[in-house]
Amino acid sequence: MAIQTITWMSAFLCLVQVFSMPMPCQLQGQLVRTTHNLLRDMGGHFPLECLHENVVMSFPATAFATSGAPQLSSSGAKAIYETLKNIDTLFGTDELPTMWDQQKLEYFQNIIYRQTEESKCMMGRVDTSDYPIRAEGLKTYFGNIAAVLKEKNFSYCAWEVVRKELLYTLEFILKHNSDSLWSNRT
């Protein structure tokens with residue numbers, strides 16, 4: 001009986017040690033890719049009936065610029081974090097389209113939330129020299145996206161415009177940022 005108790009206690013202490021280890025403070029590339037794929041798949045192609053409501057928004061590519069460095073700066077990583085946070089805010093409304101796959105939408109929201117919660121630690125490590133320029137571009141971009149939703153009363157077509165923009169944003173992030181930025185833990 002004593003051996004069994006010692007065995008269980010040892011197993012428990014091992015698990016406590018493993019799960020109490022600090023998590024790396026990095027964005028998780030696989031989760032960003034998953035959010036992109038879920039967003040892409042939850043609604044299909046841009047609907048023809050929404051073409052007349054499509055608007056062109058100026059994408060802030062400079063917010064994610066790497067300036068030739070092999071690894072994204074801390075302010076660039078924060079820009080990606082802020083993008084995920086803005087996406088989480090946009091999808092925090094109760095006025096989401098019912099025509100989208102609701103299971104994929106819920107999974108998308110959960111992953112975005114998880115990414116922002118697990119990446120909060122990056123906030124203290126930001127190189128502030130170029131972040132204000134990045135932040136201003138993101139603020140304007142997401143302000144325009146939110147304005148489209150409000151202006152069009154959170155209609156299905158307005159959400160399709162938002163989905164199109166966010167797909168482009170996530171694609172850009174995935175395509176133009178170094179693999180060394182990402183932690184592939186899921």
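Residue indices begin at 1 and follow the sequence shown.
Between R163 and L39, the shortest heavy-atom distance links the atoms NH1-O, 2.9 Å. Residue A63 comes nearest to A79 through the heavy atom pair O-CB, 3.3 Å, listed as atom of the first residue, atom of the second, then distance. Closest non-hydrogen pair, L90 versus W159, comes out as O-CH2, 3.2 Å. Across all their heavy atoms, P97 and L105 have their closest contact at O-CD2, 4.4 Å. The nearest pair of heavy atoms linking M57 to V161 is CE-CG1, 3.9 Å.
Here CG of D88 is found 12.5 Å from CD1 of I111. Values are rounded to the nearest 0.5 Å. Expressed to the nearest 0.5 Å, how far CD of E165 lies from CG of L167 amounts to 9.5 Å. Here the CZ-CZ distance, from F108 to R40, works out to 12.5 Å after rounding to the nearest 0.5 Å. The NZ atom of K104 sits 15.0 Å away from atom CD of Q109, with the distance rounded to the nearest 0.5 Å. Separation of atoms NE2 (H45) and SG (C50) is listed at 14.5 Å; rounding is to 0.5 Å. One finds the CG atom of L31 at 7.5 Å from the CD atom of E118 (value rounded to the nearest 0.5 Å).
Put simply, the side chain of Q102 gets close to the backbone of W100: a donor and an acceptor are under 3.5 Å apart. The main-chain N or O of E82 is found under 3.5 Å from a side-chain atom of N86 such that the two form a donor-acceptor pair. Panel note: side chain T35, backbone V32; a donor-acceptor pair is recorded below 3.5 Å. In terms of modelled atom types and a separation under 3.5 Å, the side chain of N153 and the main chain of S155 share no donor-acceptor contact. Of the possible polar contacts, one joining the T116 side chain to the Y113 backbone as a donor-acceptor pair under 3.5 Å is found.
I133 and Y81 fall into different hydrophobic clusters, where Ile, Leu, Val, Met, Phe, Trp and Tyr are joined by side-chain heavy atoms under 4.5 Å apart, directly or via other members. Both L38 and F91 are assigned to one and the same hydrophobic cluster, defined by single-linkage of ILVMFWY side chains at heavy-atom distances under 4.5 Å. Residues F142 and V56 are members of separate hydrophobic clusters, defined by side-chain heavy-atom contacts under 4.5 angstrom among Ile, Leu, Val, Met, Phe, Trp and Tyr.
Note on K175 versus E171: no salt bridge recorded, every NZ/NE/NH1/NH2 to OD/OE distance being 4.0 Å or above.
When side chains are defined from C-beta on, I87 counts as touching L170, because their heavy atoms get closer than 4.5 Å.
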Verdict with supporting geometry, E160 and Y156, side chain to side chain donor-acceptor pair (under 3.5 Å)
CA-CA 6 Å; E160 283 295 336; Y156 170 68; 3.2 Å; yes
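Using a 30° and 60° split on the angle between ring planes, Y141 and F59 fall in the perpendicular class, above 60°.
Within a 6.0 Å sphere centred on CD of Q103, heavy atoms belonging to other residues, nucleotides or ligands number 12 at most. Annotation: L51, atom CG; neighbour count of heavy atoms from other residues, nucleotides and ligands within 6.0 Å is above 12.
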